[in-house]
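Everything on this sheet refers to the single structure shown next.
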Protein chains: 2
Amino acid sequence: MSRPTRQSPERGGARSRLLEAARDVIRAKGFAATSVDDLCGAAAVTKGAFFHHFGSKEALGVAAAEFWAETTSGFFAAAPYHEPVDALQRVLAYVAFRKAIIVGELAQFTCLVGTMAQEVYATSPDIRDACGRSMFGHTATLEADIETARRERGIAGDWTAESLARHTQAVIQGGFVLAKAGNDPGLARESLDHLDRYIRHLFHVTEEDVDERNH
Amino acid sequence: MSRPTRQSPERGGARSRLLEAARDVIRAKGFAATSVDDLCGAAAVTKGAFFHHFGSKEALGVAAAEFWAETTSGFFAAAPYHEPVDALQRVLAYVAFRKAIIVGELAQFTCLVGTMAQEVYATSPDIRDACGRSMFGHTATLEADIETARRERGIAGDWTAESLARHTQAVIQGGFVLAKAGNDPGLARESLDHLDRYIRHLFHVTEEDVDERNH
DNA sequence: TGACACATACCGACTGTCTGGTATGTTTGT
DNA sequence: ACAAACATACCAGACAGTCGGTATGTGTCA
């Protein structure tokens, strides 16, 4: 069925098409429930191509997590939340941005590495670690802004920028879980409102303060 | 292998042994990666017994979510965090309790319905909805204490008890995801510290206030 | 009290399909 | 000509689910 056309579009693109298919199909069905044939079908390539590029299904999982790390880091680096010159405003803009991109179908805005890590953490250490690198690599980029904001504003408190960055990620990931369980993206957005309120509290943001330096 | 002894222990116990096996095995391996034979092996029953009690693997998934709802609601109802007479102290004690039970192996303290919902939300609406009922049924029990605390303390703010109860669940679930990705239970506890701080902020808890009315 | 009917609980061999993976071609750019 | 990038055919095992059967109650009526 739907044999890939001979003289198929861009020869050499099988690997990236498989990674894109993995990103989309695994987010919808999960890693274990996604078969190699599913991926080949979605990417319009044959099994020969699959095992030419990836030594095993597990190796594809690792590659998919790394692909996710690359593409998302590019996506977030190009996002507009970096614009404010004030570091705290960047942090709050990050949270607002994360909320703003929660639209449409669940499988399109949820996190590949969160989903995969949850599923394979005990059965595939390689995939788990690749997911961990992607996730904590991302939190590290936020951590820098949090740390800067803290210094700029002279904020004390018994918490670290690292832990707050990770907490932010936890709220996002947890929001995805609730959104899936309740079949309602609004549940993910809701938790980000609480996170926003919490961060404003940590940085003693008053009502008048809010638009003080808004890009 | 390991044939269940004829005259096996408690005839009639196959169903509950399968549900307990499902609870443990699925939390470790995920739903899709857990085979019916895995469950039969773990429960020491045969396939005949499995399909006598459950019409399909999916039906077992639904039953496992319902079993989880029953056993955890009993567990939390009996937990000591209900002791404080002050509602806010009960809420904070709940968070502390959730943190305290995060010990040992990941598969032993993480949430079955969170794991399953994340995995099957798009492929099995029946399991997803059963997971949702379990999860939001639990948040509803916390919501009551939050609402009472809010009235007792005359707290305003643009948030609802319902949303805060769900946010609490999101932080817990997100903590589990990070703990799995980082292979470190401490990551789940860490987020609960932030949640505790956030709730104290919402209720204007001062340092002196803390042990004011401690059970 | 016991015999018969019936239901529930379980057993384990079997089946057809699907799975990840392999072995061996064929095409294509350089 | 050569290697990389595919395609095709195939395989052995695992998979969910089936089915005919047995063991153990449970209700009923003489």
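Computed from heavy atoms alone, side chains included, the values below leave out hydrogens, waters and symmetry copies. Bear in mind the structure is a predicted one, so any value in this text is a computation, not a measurement.
- Remark: Ile146(A) CD1 to Glu162(A) CD distance equals 10.5 Å, nearest 0.5 Å.
- Atom NE2 in His53(B) sits about 18 Å away from atom P in dA7(C), given to the nearest Å.
- Axis orientation changes by 10° from one end of the helix from dT1(C)-dA30(D) to dT30(C)-dA1(D) to the other, with each end axis drawn from 5 pairs and the value rounded to 10°.
- Here the side chains of Lys57(B) and Phe31(B) are in contact, with some heavy-atom distance below 4.5 Å.
- Here dA23(D) presents its P atom at 17 Å from NE2 of His52(B), a figure rounded to the nearest Å.
- No side-chain donor-acceptor contact under 3.5 Å links Thr148(A) and Asp145(A).
- One side chain, Ser124(B) or Glu58(B), offers a donor N or O that lies under 3.5 Å from an acceptor on the other.
- For the pair Arg15(A) CZ and dA4(D) C1', the interatomic distance rounds to 14 Å; values are reported in whole Å.
- Salt bridge annotation for Asp129(B)-Arg133(B): absent, with no cationic side-chain nitrogen under 4.0 angstrom from a carboxylate oxygen.
- Salt bridge status for Asp193(A) with Arg197(A): absent, with no side-chain N to carboxylate O gap under 4.0 Å.
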Contact string for nucleotides 15-21 of chain C, one letter per nucleotide 5' to 3', B = base within protein heavy-atom range under 4.0 Å, S = sugar-phosphate only, - = neither, reads ----SBB
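- Side-chain atoms of Tyr94(B) and Arg98(B) include a donor-acceptor pair closer than 3.5 Å.
- Not one N or O on the side chain of Arg27(B) forms a donor-acceptor pair closer than 3.5 Å with the backbone of Leu112(B).
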